[in-house]
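Positions are given from 1 along the sequence.
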Amino acid sequence: MPAELRHGILGAGGIGGLMGACLARFGAPVTLIVRRESLPNYPRKLRLESAFGNVEVDVSVAAEVPPVDVLWITVKATELESALAAITNPDSVQASFRC
């Protein structure tokens, strides 16, 4: 995985936090997209503790999707519609993949 890919994570809970920590651990720039009201107090670090070792990495945090190469959407299914509606600048995403 090239380190120059910029990753945005919309939904930084368990799955999004795990993905973000792993990506950042290997040098990829990661931005967590959070609710605007959470932004001032949201930590700028992710900490992953596992039987394979502990990792603490720095990440960026934003209230809107910044210019990214990959946008990971890891919200709960019940929150998907509102999460997608909150993307006010869809042109900031360079590529999208659907499964």
Side-chain angles (χ1 to χ4, degrees):
M1 172 186 58
E4 61 272 1
L5 286 179
R6 299 163 300 164
H7 296 267
I9 299 179
L10 180 60
I15 299 297
L18 173 64
M19 293 296 301
C22 291
L23 289 164
R25 165 71 175 89
F26 290 102
V30 173
T31 301
L32 307 178
I33 297 102
V34 302
R35 291 184 179 101
R36 186 168 304 285
E37 60 271 12
S38 300
L39 189 61
N41 299 318
Y42 210 89
R44 273 47 179 180
K45 291 185 181 288
L46 287 174
R47 182 175 172 87
L48 175 62
E49 298 178 8
S50 79
F52 301 106
N54 300 333
V55 173
E56 186 170 283
V57 292
D58 293 324
V59 294
S60 299
V61 181
E64 292 185 13
V65 178
V68 294
D69 299 301
V70 181
L71 177 61
W72 298 86
I73 301 174
T74 58
V75 298
K76 293 178 178 75
T78 56
E79 299 295 322
L80 182 58
E81 191 172 338
S82 63
L84 293 175
I87 299 174
T88 58
N89 51 349
D91 293 334
S92 65
V93 180
Q94 301 302 313
S96 64
F97 301 93
R98 295 181 185 179
C99 297

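Contact between Pro67 and Arg6 at its shortest, heavy atoms only, is O-NH1, 3.3 Å. When every heavy atom of Val55 is checked against every heavy atom of Arg25, the shortest pair comes out as CG1-CD, 3.7 Å. When all heavy atoms are compared, the tightest approach of Ile9 to Gly16 is CD1-O, 3.4 Å. Looking at every heavy atom in both residues, Val75 comes nearest to Gly11 through CG1-CA, 3.7 Å. Residues Leu48 and Cys22 approach most closely at CD2-SG, 4.4 Å, considering heavy atoms.
Atom OG1 of Thr74 is separated from atom CG of Leu18 by 10.0 Å, given to the nearest 0.5 angstrom. Taken to the nearest 0.5 Å, the CD1 atom of Ile73 stands 13.5 Å off from the CD atom of Glu79. From Asp69, atom CG reaches atom NE2 of His7 across 7.5 Å, with rounding to the nearest 0.5 Å.
The salt bridge (Lys or Arg N to Asp or Glu O under 4.0 Å) check on Arg36 picks up Glu64, with sequence neighbours excluded. The side chain to side chain donor-acceptor pair (under 3.5 Å) test applied to Glu49 returns Arg47, not counting sequence neighbours. Residues meeting the side-chain contact (heavy atoms from CB on, under 4.5 Å) test with Leu39, sequence neighbours left out: Val34, Arg44, Val61, Ala63.
Side chains of Leu32 and Leu46 form a contact here, defined as non-hydrogen atoms less than 4.5 Å apart. Taking 4.5 Å as the limit, some side-chain heavy atom of Leu71 sits within range of a side-chain heavy atom of Ile33. With a 4.5 Å cut-off on side-chain heavy atoms, Val30 and Val57 do not count as touching.
Counting non-hydrogen atoms of other residues, nucleotides and ligands closer than 6.0 Å to CD of Glu81 gives a total of 12 or fewer.
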